[in-house]
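Sequence lines set the chain letters: A, B, ... in the order given, protein chains first and strands last, and positions in each chain run from 1.
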Amino acid sequence: MSSQVTLEKITNLCKRRGLIFQSSELYGGFNGFWDYGPYGTAMRRAVEATWWDYMVEQRENVVGQDSTIICHPQVWKASGHVDQFADIMVDNKDSKKRYRIDNLLEQQSEEVLAKVAELMGSETDIGKLEAAFETKLQEGENIDSVLLDAKVIDPSTDKVGDWTPPRQFNLMMQTYVGPVFSEENKAYLRAETCQPIFVNFQTICNSTRQKLPFGIAQTGKAFRNEINPRNFTFRSREFNQMEMEFFCHSDDSMDWYNFWRDQRLAFYSDVLKFKPESMRTHDHDKLAHYAKAAMDIEFEFPFGWGELEGIHHRGTWDLSQHAEFSGQKQEYFDQARNEKYIPTVVETSVGLDRLMLALLCEAYDEDEAETAKDGKEVEGRVVMRFPAIIAPVQVAILPLSKKLAEGARELHAKLKPFFRSEYDEAQSIGKRYRRQDEIGTPFCLTFDFDSLEDNCVTVRERDSMSQERVAIDKLANYLMDKIRG
RNA sequence: GCGAGUGUAGCUCAAUGGUAGAGCAUCACCUUGCCAAGGUGAAUGUUGUGAGUUCGAGUCUCAUCACUCGCUCCA
């Protein structure tokens, strides 16, 4: 990441050049939702295709699937999302602090706790108290003043807080399936793409003749009612995930965990060309009870380090849960081991929109370029140094003069099937180079008067601004090599 | 959700309660033959939205929406 980059510059550039902008801007915007414009869409599709190629198409032991956004509601009860994504929160109007009710109660004295329990008609056990709050909130009972009456202390001030009524925050988005909006028709938009992979595990096993160990990958939308969407697209309410669940024997699971960690790190450094100093890994201190290991791959955004990808050892948790809730066994018979077992899962889970934001931040640069402007020798330019494989436009075809439009358009037609390309003849050549720099086009092809004679064009390279003369009939191979390299 | 701040052309910003402007960008034409050159012209706004105060509101008041920062939250 260049030191000059700020989120403001990225946001402005994205809007100005049609990469990413706010959803429903016509109506004043909609918090937590973002639209991708022509260049943004081209790039996001390219990033997704690159991931898919790397994780699925280049491997024999990973297959793909594409499940629905709305699944059977039991899926999310089994996964724990319906319960764990719903927290009861209160604010202290004095100290402006917000607490999860279970965290707050944990920090109270026994007397206060007993008083709360008495008012709630519950035992003093935190879990039971929380459940009591949940029940009463759902039943619409008035418990607005319970915390005030019990004189609950704010741990940050050690004084009795001026508590707002407890409110339930549910991070799962809900909808209704069927024309009647009733409780039994309630369904959820998926909060992550991986659960339908677990649900489909047996079917895919049977239909693809895959033997363990193997993985199932999926990309797609996920939805969360984030309390506070922030930092451009970093935390949104609708976002894209790219996930792969790898099923294996528990004996080998740590080897596979390490394998996938290394593969994923190589993806960032070798394929997407992130600088080593832009990335770091972070091992989780607190592990879920079923997990043997978990880590995040983080990127340094202008607002600080943020998670791009999680790599998690999930044990047999998900399959066991679905076995329990569905009543269907989720076992695999391993012919080689002559053993029947519930597979252990290693997950790699990327936030595609976060990755896009990271690529934008990593690529952003300002440097100096020569200029023909009066009284100046150099002038600043904004240049997005995207890796060529994911650049929104890979090749721009620019006639030196409008008189050369015919030949340049012919060349464009020739290259269009192989590269994301653009033709531009408006204004001076220098201006067009700068325009392409700003959207990160790695190669500009200049068709000049000599091209008519020698069948060559000038290839101008984005980062160095150096130029090379290349024969038109060798161009496709020449560019292909550069883009893959 | 709380607190503070911000919201004027596509972008960056001006405008004392009294005629809404500039630069850049965009488009057309001329010019130009390899790094935002120059010229001529054009288009662009219910000043985020909705109320209120006022003879008169971009400016003052209230509400609302969005964004930024902090708190909070974060599978």
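- Pairing for B/rU72 is absent, judged as Watson-Crick or G-U wobble with the two contacts each under 3.5 Å.
- We find that the ring of A/Tyr433 and the base of B/rA36 do not stack by the test of centres under 5.5 angstrom and planes tilted less than 30°.
- Judged by Watson-Crick or G-U wobble contacts below 3.5 Å, the nucleotide B/rG56 has no partner.
- Taking atom NZ of residue A/Lys403 and atom P of nucleotide B/rU32, one finds them 7 Å apart after rounding to whole Å.
- Place A/Phe449 and A/Lys402 on RNA chain B by their nearest nucleotides, and A/Lys402 ends up nearer the 5' end.
- Counting any heavy atom pair closer than 4.0 Å across all strands shown, A/Lys15 reaches sugar-phosphate atoms only and no base atom.
- Nucleotide B/rA37 forms a pair with no other nucleotide shown, judged by Watson-Crick or G-U wobble geometry with both contacts under 3.5 Å.
- Looking at heavy-atom distances under 4.0 Å, A/Ile429 makes contact with sugar-phosphate atoms alone, never a base.
- Here B/rC11 presents its C1' atom at 10 Å from CD of A/Glu438, a figure rounded to the nearest Å.
- Of the side-chain N and O atoms in A/Arg434, none sit less than 4.0 angstrom from OP1 or OP2 of B/rC34.
- In this structure, B/rU16 forms no base pair with any nucleotide, since neither Watson-Crick nor G-U wobble geometry is met with both distances under 3.5 Å.
- For A/Ser428, no side-chain nitrogen or oxygen approaches OP1 or OP2 of B/rU32 to under 4.0 Å.
- Nucleotide B/rA25 holds its P atom 15 Å from the CZ atom of A/Arg432, rounded to whole Å.
- Proximity note for A/Ala369 (side chain, C-beta onward) versus B/rC35, B/rC34, B/rA25: the nearest is B/rC35.
- Between B/rA9 and B/rA43, the two C1' atoms lie 11 Å apart (nearest whole Å).
- Remark: B/rU47 base-pairs with no nucleotide in the shown strands. Criterion, Watson-Crick or G-U wobble with two distances under 3.5 Å.
- Residue A/Arg235 is classed as a base contact, given a heavy-atom separation below 4.0 Å to a base.
- Look at CG on A/Asn231: it is 12 Å from C1' on B/rG70, rounded to the nearest Å.
- For A/Gln467, the side-chain atoms get nearest to B/rC34 when compared with the rest of B/rC34, B/rA75, B/rU26.
- Base pairing analysis places B/rG7 opposite B/rC65; the two distances defining the Watson-Crick or G-U wobble pair are each below 3.5 Å.
- When only modelled atom types and interatomic distance are considered, A/Glu347 and A/His312 share a side-chain donor-acceptor pair under 3.5 Å.
- Seen from the ring of A/Tyr433, A/Arg460 counts as a face-on cation partner, given the 6.0 Å and 45° thresholds.
- The CD1-P distance, from A/Ile20 to B/rC67, rounds to 15 Å in whole Å.
- For B/rC34 and B/rC29, the P atoms lie 22 Å apart once the distance is rounded to whole Å.
- No contact: A/Phe447 has no heavy atom under 4.0 Å from any strand.
- Counting any heavy atom pair closer than 4.0 Å across all strands shown, A/Gln22 reaches sugar-phosphate atoms only and no base atom.
- Residue whose closest nucleotide on RNA chain B sits further toward the 5' end, between A/Gln195 and A/Trp34: A/Trp34.
- Checked against B/rU26, B/rA75, B/rC11, the side chain of A/Arg435 finds its nearest nucleotide in B/rU26.
- Side chain to side chain, A/Asp35 and A/Gln22 fail the donor-acceptor criterion of an N or O pair below 3.5 Å.
- The aromatic ring centres of A/Trp76 and A/Tyr188 sit 6.0 Å or more apart.
- A/Thr219 and A/Glu48 share a side-chain donor-acceptor pair at under 3.5 Å.
- A/Glu8 comes within 4.0 angstrom of nothing in the nucleic acid, heavy atoms only.
- In this structure, A/Arg469 atom CZ and B/rC34 atom P are separated by 12 Å, rounded to whole Å.
- For A/Glu192, counting side-chain heavy atoms from C-beta on, the closest listed nucleotide (B/rA25, B/rA75, B/rC69) is B/rA75.
- Comparing the P positions of B/rG23 and B/rA63 gives an interatomic distance of 39 Å, to the nearest angstrom.
- There is no side-chain donor-acceptor pair under 3.5 Å between A/Ser278 and A/Glu300.
- With both pairing distances under 3.5 Å, B/rU26 is matched to B/rA42 as a Watson-Crick or G-U wobble pair.
- At a cut-off of 3.5 angstrom, the base of B/rA75 holds no donor-acceptor pair with the side chain of A/His312.
- Between the side chain of A/Thr41 and the backbone N or O of A/Gly37, at least one donor-acceptor pair lies under 3.5 Å.
- A heavy-atom distance below 4.5 Å is found between the side chains of A/Leu355 and A/Met242.
- Under the Watson-Crick and G-U wobble criteria, each requiring two contacts below 3.5 Å, nucleotide B/rU32 is left unpaired.
- Going from atom CD of A/Glu298 over to atom P of B/rA75 covers 13 Å, rounded to whole Å.
- Of all nucleotides listed (B/rC34, B/rU26, B/rC11), B/rC11 comes nearest to the side chain of A/Arg16.
- Distance CD (A/Glu461) to P (B/rC35): 17 Å, rounded to an integer number of Å.
- Nucleic acid contact for A/Arg460: base, since at least one base atom lies under 4.0 Å from a heavy atom of the residue.
- Applying the 3.5 Å distance criterion, the base of B/rC11 shares no donor-acceptor pair with the side chain of A/Asn12.
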